[in-house]
2 protein chains.
Amino acid sequence: MVQIPNPSSAPEPSAPRSAPTSADVARLAGVSRATVSYVLNNAGAVRISEPTRRRVHDAARELGYVPHAAARSLRAGHSRTVLMPAPSFPAGPLYSGFLSELQWALGRLDYTVVQYGSVGLHGDEAARAWAELRPVAVLVPGRGPGPRGVEILKRSGARAVVTLGPEAVKGAHALLMDHAVVGHRAVRHLVERGRRRIGVVMPAEDGLEFFSAPRLAGARDAVRGTDATVTELPLAHEERAAARLADRWDSLGLDAVFAYNDEYAMLLMRALQDAGVRVPGDTALIGADDLMLGRLLRPRLSTVHLELPSGRDLAALVDRAVHDPGAAPERREVLGATVVHRESS
Amino acid sequence: MVQIPNPSSAPEPSAPRSAPTSADVARLAGVSRATVSYVLNNAGAVRISEPTRRRVHDAARELGYVPHAAARSLRAGHSRTVLMPAPSFPAGPLYSGFLSELQWALGRLDYTVVQYGSVGLHGDEAARAWAELRPVAVLVPGRGPGPRGVEILKRSGARAVVTLGPEAVKGAHALLMDHAVVGHRAVRHLVERGRRRIGVVMPAEDGLEFFSAPRLAGARDAVRGTDATVTELPLAHEERAAARLADRWDSLGLDAVFAYNDEYAMLLMRALQDAGVRVPGDTALIGADDLMLGRLLRPRLSTVHLELPSGRDLAALVDRAVHDPGAAPERREVLGATVVHRESS
DNA sequence: TTGAAAGCGGTACCAC
DNA sequence: GTGGTACCGCTTTCAA
């Protein structure tokens with residue numbers, strides 16, 4: 001018996017031109033769209049007979065039905081999307097760890113975290129782009145939106161805006177992370193150990209001023225009222241730049257350096273050693289971020305250990321804020337910084 | 001005279017309860033919603049008088065109107081969202097750089113990149129969650145969805161699914177990045193330099209097997225047909241674990257190590273040196289990923305330099321695939337790996 | 001040049 | 001138990 005190809009029995013090879021909707025499921029199951037919705041959402045208020053439930057589930061599975069999030073949240077008037085602009089700075093292990101912990105914690109609370117790639121959008125323009133997605137909350141790392149941006153987000157339904165940065169913005173919750181404290185701790189440490197002419201490495205790379213400027217400010221603050229001085233040392237993250245800096249080291253007359261972070265510290269340490277400068281004998285050196293690599297250097301690198309807020313705490317804050325959008329914005333300093341004294345200082 | 005608070009004259013302090021819609025704008029401007037849409041989207045087909053345009057723009061600005069992306073894409077039947085599941089592995093500088101380049105390039109093509117935090121979702125379940133957002137394309141780093149997952153995504157409107165991982169999936173474009181080549185290059189290099197008993201460091205950390213397993217396989221492959229052997233060396237990313245490994249080093253009888261990547265290599269190098277093992281004299285050492293830190297070690301660390309696909313190329317591939325979803329899936333090996341011979345091997 | 005209205009896909013109220 | 005139906009906010013014919 002010859003098998004005649006039946007178009008309706010072979011939907012597989014040629015993909016259907018558009019996604020199946022709940023109406024398709026309803027048709028196939030021989031019920032109404034309402035019933036499909038009830039069944040698929042396990043509506044507690046409505047009782048659906050077991051045979052019907054099965055028919056609906058079978059139809060949905062057969063069609064490969066996937067609900068349309070946009071339609072759903074349009075109807076519902078809200079979503080459970082937490083939007084985070086993708087950071088403009090290169091994410092190190094600290095931030096990566098924080099982020100994945102946060103995603104996990106928000107996921108447990110049934111929120112969906114979405115990192116939005118806002119390239120080249122600035123200020124209110126960025127806020128508007130985020131607002132188009134109608135997130136229930138917005139978490140902004142780094143330089144946050146201005147007060148107008150926050151207002152835009154709230155007017156378009158964001159029940160919480162949280163900034164993670166150096167300054168609080170009106171109307172938004174603020175987890176204050178002023179990196180000045182990092183520079184302050186580092187340089188205070190150096191001063192306490194008797195150093196007086198202190199260099200502060202400033203990365204030449206773009207996107208880092210956001211951290212380096214406050215760290216420098218903190219360093220300046222730490223020498224206030226002492227006879228110690230701070231000197232800026234621009235440095236690109238490459239060997240030759242470090243070598244050039246090391247070559248003119250004697251002329252700088254420094255007896256200590258706070259190197260922005262452990263990576264720049266490592267770069268500089270190697271260059272200094274190659275140039276015959278003894279660390280910490282001639283020049284004390286301290287980094288920041290407490291990366292594993294610092295522990296492995298010779299001498300072991302002193303550093304400033306950072307304590308970021310826990311993802312769980314931040315998730316809880318978001319959840320609280322979402323439930324009570326009217327509450328006064330929280331404003332909390334969350335950046336812990338403690339010196340880890342090892343061998344280089 | 002007592003000031004009686006007038007609710008209607010003071011909309012500022014108490015935020016409006018819901019977001020302004022295009023109907024609100026229309027009402028305020030004294031036009032229809034259609035006109036608002038025309039004006040705000042600069043519809044070329046329809047000419048709107050200049051005074052009307054101004055009235056609409058003014059009204060929109062005054063209300064802080066932001067269009068509702070969900071409603072828009074629901075009506076349009078498609079979006080320009082490119083979805084990427086947030087990677088399950090800790091993102092290093094390589095991946096971060098690649099990602100931001102990709103975001104930039106896709107942004108230039110007017111796509112919006114969204115990283116979706118799919119915590120604890122696996123297989124088809126994850127694919128369904130992604131499909132709910134009806135992205136125009138899905139880019140999956142690491143372990144991609146199965147063929148069924150791809151089918152789900154395509155049926156719900158994704159015009160392109162691209163995997164960036166070790167194996168091609170039916171129906172999806174594949175940028176093949178089989179890390180076996182990394183292990184192969186590293187170990188071949190060691191063998192060529194006369195080493196025979198070769199250790200391969202396997203990170204004990206979760207989420208890395210995805211890279212470490214293929215790298216080990218490649219290493220095994222490289223000794224096939226030679227008299228060299230490969231020994232697995234489990235190692236946690238902490239000093240004490242490295243010290244323990246170094247302590248029993250002599251008993252292992254190895255004359256070379258491929259250390260998974262530069263970070264583990266650095267960890268091991270320090271421990272070996274502390275234990276009196278000379279590198280490369282007693283044991284040659286090679287890492288991978290060509291991180292800056294390797295260049296700064298003594299001896300300078302040999303490594304395997306990885307070449308990831310450029311963000312621009314991948315963006316172009318996505319754009320092509322979106323325009324011609326019917327085309328045969330591209331399948332291309334994109335992971336370049338070349339040994340950088342320095343001093344440790 | 002502008003407006004009325006249909007409809008995208010789901011949900012939930014109200015009848016039956 | 002189940003179905004009809006009115007929305008959610010926006011775009012886009014089609015008429016006026």
Side-chain angles (χ1 to χ4, degrees), chain A residues 16-56 59-60 63-80 128 131-134 136 155-157, chain B residues 16-56 59-60 63-80 128 131-134 136 155-157:
Chain A
R17 270 291 140 261
S18 73
T21 73
S22 76
D24 297 324
V25 177
R27 209 157 17 238
L28 182 56
V31 298
S32 73
R33 296 194 310 154
T35 304
V36 171
S37 179
Y38 292 141
V39 171
L40 264 32
N41 295 308
N42 280 317
V46 191
R47 290 265 158 272
I48 303 284
S49 71
E50 202 48 46
T52 304
R53 304 178 66 86
R54 278 187 40 78
R55 288 222 309 288
V56 169
L63 292 176
Y65 170 72
V66 176
H68 193 306
R72 192 204 296 269
S73 70
L74 179 58
R75 171 65 230 223
H78 61 257
S79 71
R80 289 192 67 81
R128 245 186 302 275
E132 290 193 0
L133 299 186
R134 296 293 191 276
V136 67
R155 283 174 97 95
S156 24
Chain B
R17 269 291 140 260
S18 73
T21 72
S22 76
D24 296 324
V25 176
R27 211 162 11 244
L28 183 56
V31 299
S32 75
R33 298 164 55 208
T35 304
V36 170
S37 179
Y38 290 142
V39 171
L40 263 35
N41 295 308
N42 281 316
V46 192
R47 292 262 158 272
I48 304 285
S49 69
E50 202 47 46
T52 305
R53 303 178 67 86
R54 281 189 42 77
R55 288 222 309 288
V56 170
L63 292 175
Y65 170 71
V66 175
H68 194 305
R72 191 205 294 271
S73 70
L74 181 58
R75 168 66 227 225
H78 60 257
S79 71
R80 291 191 67 83
R128 245 186 302 273
E132 290 194 1
L133 299 186
R134 297 292 192 275
V136 68
R155 282 175 97 96
S156 23

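A, B, ... follow the sequence lines: proteins, then strands. Residue 1 opens every chain.
Remark: B/Arg75 pairs with no residue by the side chain to side chain contact (heavy atoms under 4.5 Å, CB included) rule, at least two apart or across chains. Applying the side chain to side chain donor-acceptor pair (under 3.5 Å) rule to A/Ser79 yields no partners; only residues at least two apart in sequence or on another chain are considered. Residues that satisfy the side chain to side chain donor-acceptor pair (under 3.5 Å) test with B/Arg72, not counting sequence neighbours, are B/Asn41. Contacts of B/Ile48 classified as side chain to side chain contact (heavy atoms under 4.5 Å, CB included), with partners at least two apart in sequence or in another chain: B/Thr35, B/Tyr38, B/Val39, B/Val46, B/Thr52, B/Arg53. Annotation: side chain to side chain donor-acceptor pair (under 3.5 Å) contacts of B/Arg27 (sequence neighbours excluded): B/Asp24. Remark: A/Leu74 pairs with B/His68, B/Ala71, B/Leu74 by the side chain to side chain contact (heavy atoms under 4.5 Å, CB included) rule, at least two apart or across chains. The side chain to side chain donor-acceptor pair (under 3.5 Å) check on B/Ser156 picks up nothing, with sequence neighbours excluded.
Applying the salt bridge (charged side-chain N to carboxylate O under 4.0 Å, His left out) definition to pairs two or more places apart or across chains, none involves residues 35-49 of chain A.
Two residues, B/Ala76 and B/Val31, neighbour DNA chain C, and the one matched to the more 5' nucleotide by heavy-atom proximity is B/Val31.
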Could you list, one pair per line, each protein nitrogen or oxygen that sits under 3.5 Å from a nitrogen or oxygen of nucleotides 13-16 of chain C, together with the distance?
residue : atom : partner : partner atom : Å
C/dC13  : N4   : A/Tyr38 : OH           : 2.2

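Computed from C1' positions of five pairs at each end, the angle between the two local axes of the helix from C/dT1-D/dA16 to C/dC16-D/dG1 equals 50°, rounded to 10 degrees.
Interface residues of residues 67-75 of chain B facing DNA chain D, ordered by number: B/Pro67, B/His68, B/Ala71, B/Arg72, B/Arg75; criterion, heavy-atom separation under 4.0 Å.
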